[in-house]
Trainee: 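Before I ask anything, here is the structure I am working with.
Note that the coordinates shown come from a computational prediction; the quantities given were computed from them, not determined experimentally. One-based numbering along the sequence shown. Order of listing sets the numbers, starting from 1, for every ligand and every atom in it.
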Amino acid sequence: MDSLLAPGSFGDIDLANRIVMAPMTRSRATVDGDATDLMATHYGARATAGLIVTEGIAPSEVGKGYCRTPVLDGPHRLDGWRRVTDAVHAAGGRIVAQAMHCGRVAHVANKAPGAETVAPSAIRAEGAMYTDAEGMQPFDDPRALAADEVRAVVDEYRRFAALAMDAGFDGVEVHGTSGYLPAQFLCTGTNRRTDGYGGSVEGRIRFPVEVLEAVVDEIGAGRTGLRICPGNPFNDLVDDRPEDVEETFGALLAAIRPVGLGWLHVIRRHEVNQGIFLDNLALARGLHDGALVANDSYDGPSADAAIAAGECDAVSFARHFLATPDLVARFAAGGEPERFDPRTLYTPGPVGYTVLTG
Ligand SMILES: Cc1cc2nc3c(=O)[nH]c(=O)nc-3n(C[C@H](O)[C@H](O)[C@H](O)COP(=O)(O)O)c2cc1C
């Protein structure tokens, strides 16, 4: 019977166990978006996870949303990331880079000078984000991408994938949740386009499908994954009708099924309307043939039970890894994760990141 501690594989990537470290933005890159030695220490310390998915990394300056988050947009970024992947590999681990284009969930104060904020449609997200320069600021008013610019963003993901391989990553996960650019294309409330990248379901899924095809073309399906959370309203995502959610994600998964992604990373369950929940794992199981990684609020026993029941092949943990780098050994011994300090989630420096105070 499969279990949390059994070895496994996602496409071309072999895993020592089914415990995945979920992506977590921690804002410890340089202001300019380079990976730091602190990040190498942080990830290296968690290398006993079967697989680490990095924090979201922007494929371009325009795609960067948050302060001190990393960018992977050219060879000048490689040295920093090689130190990260070397640290993980030296400790026997596997690590994939999460490609995260923030689209409209951004503020220009967090980007390089001149980098603008773009989206499928010129609709501002309700809400605000922290900037080092100006404190809390409302999200930018985005400019709608022209169709040829959308294709250029697809090429940025392709470049990202090639660079990720050069940096020594084992693969790439495309971030398709939480209100960032691919999700902005999928939702009817954020995508009001009338060209081939909007309107019908086929139009709304086109951007993420093209992104995945480009990444797969560059590095192979066995090293490519996708993260989704159908129904997640985070960052002001809204669909006109609750039934749009199931229809859109059903169409997306059906369209990419022939590609044969190495893994699908699914946040398991979300309320799509008052009291109506979508079983995202069941939706994904029915429309995806590769490995299925489940996420959200698992502990060791519940993760083990989900794998044994065949609901998923692996489980990812985010918060449990914050203050418990040796989560795998902790779970193996039947122990509990340490408590983390929420005040140091996004602060610069080692405290709460590589120096754990509890
Ligand atoms: C500090 C923090 C940063 C996060 N950053 C990202 C991110 O960059 N990309 C992403 O896909 N999810 C991100 N998430 C979401 C987590 O990957 C995960 O889905 C969520 O925390 C639920 O899993 P858990 O119950 O194991 O913590 C973040 C979560 C936290 C707590």
Trainee: Step through the shown structure and confirm whether more than 12 heavy atoms of other residues, nucleotides or ligands are within 6.0 Å of CZ on R343.
Mentor: no
Trainee: Mind listing the closest non-hydrogen atom pair of D166 and R82 along with its distance?
Mentor: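 That closest heavy-atom pairing would be O-NE, 3.1 Å.
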Trainee: Taking only heavy atoms of D296, which atoms of ligand 1 are found under 4.0 Å from at least one of them?
Mentor: 22 (C), 23 (O), 25 (O)
Trainee: Given H265, M24, M21, identify the one with the heavy atom nearest to atom 29 (C) of ligand 1.
Mentor: M24
Trainee: Would you please determine whether R227 falls within less than 4.0 Å of ligand 1 on a heavy-atom basis?
Mentor: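 Under 4.0 Å: yes for R227.
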Trainee: Below 3.5 Å, N or O to N or O, backbone or side chain included: is there any such pair between L345 and ligand 1?
Mentor: no
Trainee: Would you say ligand 1 has an N or O under 3.5 Å from any N or O of A22?
Mentor: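 The answer is no, given that A22 and ligand 1 share no N or O pair closer than 3.5 Å.
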Trainee: Which distance, rounded to the nearest 0.5 Å, do you find between the CH2 of W81 and the CG of D34?
Mentor: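 Those atoms lie 9.5 Å apart.
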Trainee: Judging by distance only, is a nitrogen or oxygen of Y346 under 3.5 angstrom from one on ligand 1?
Mentor: no
Trainee: Using the ring of F321 (Phe, Tyr or Trp, six-membered ring only), decide whether R46 places NZ or CZ under 6.0 Å from its centre and within 45 degrees of its axis.
Mentor: no
Trainee: Aromatic ring centroids of F169 and F160 under 6.0 Å?
Mentor: no
Trainee: For atom 3 (C) of ligand 1, which candidate among N295, T25, N232 holds the nearest heavy atom?
Mentor: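 The option holding the nearest heavy atom is T25.
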Trainee: Could a heavy atom of S297 be found less than 4.0 Å from some atom of ligand 1?
Mentor: yes
Trainee: Report, in ascending order of atom number, the atoms of ligand 1 lying under 4.0 Å from any heavy atom of G56.
Mentor: 8 (O)
Trainee: Polar-atom distance check: A318 versus ligand 1, any N or O pair below 3.5 Å?
Mentor: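 Indeed, backbone or side chain, A318 has an N or O that close.
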Trainee: Relative to Y298, does R268 satisfy both conditions: NZ or CZ under 6.0 angstrom from the six-membered ring centre, and within 45 degrees of the ring's axis?
Mentor: yes
Trainee: Under 4.0 Å from a heavy atom of F317: which atoms of ligand 1 are those, numbered in the order shown and with their elements?
Mentor: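 Taking each heavy atom of F317 in turn, ligand 1 has 26 (O) under 4.0 Å.
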Trainee: Got a second to check how far E338's CD is from L327's CG, nearest 0.5 Å?
Mentor: 10.5 Å
Trainee: Return yes when atom CD of E336 has more than 12 non-hydrogen atoms of other residues, nucleotides or ligands closer than 6.0 Å, and no otherwise.
Mentor: no
Trainee: Provide the number and element of each atom of ligand 1 under 4.0 Å from a heavy atom of Q98.
Mentor: 7 (C), 8 (O), 9 (N), 10 (C), 11 (O)
Trainee: Where is the nearest protein heavy atom to atom 6 (C) of ligand 1: which residue, which atom, and how far?
Mentor: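 Result: P23 O, 3.2 Å.
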Trainee: Report the member of H175, R319, E173 with the shortest heavy-atom distance to atom 24 (P) of ligand 1.
Mentor: R319
Trainee: As an exercise, state the distance from OG of S121 to CD of Q184, rounded to the nearest 0.5 Å.
Mentor: 9.5 Å
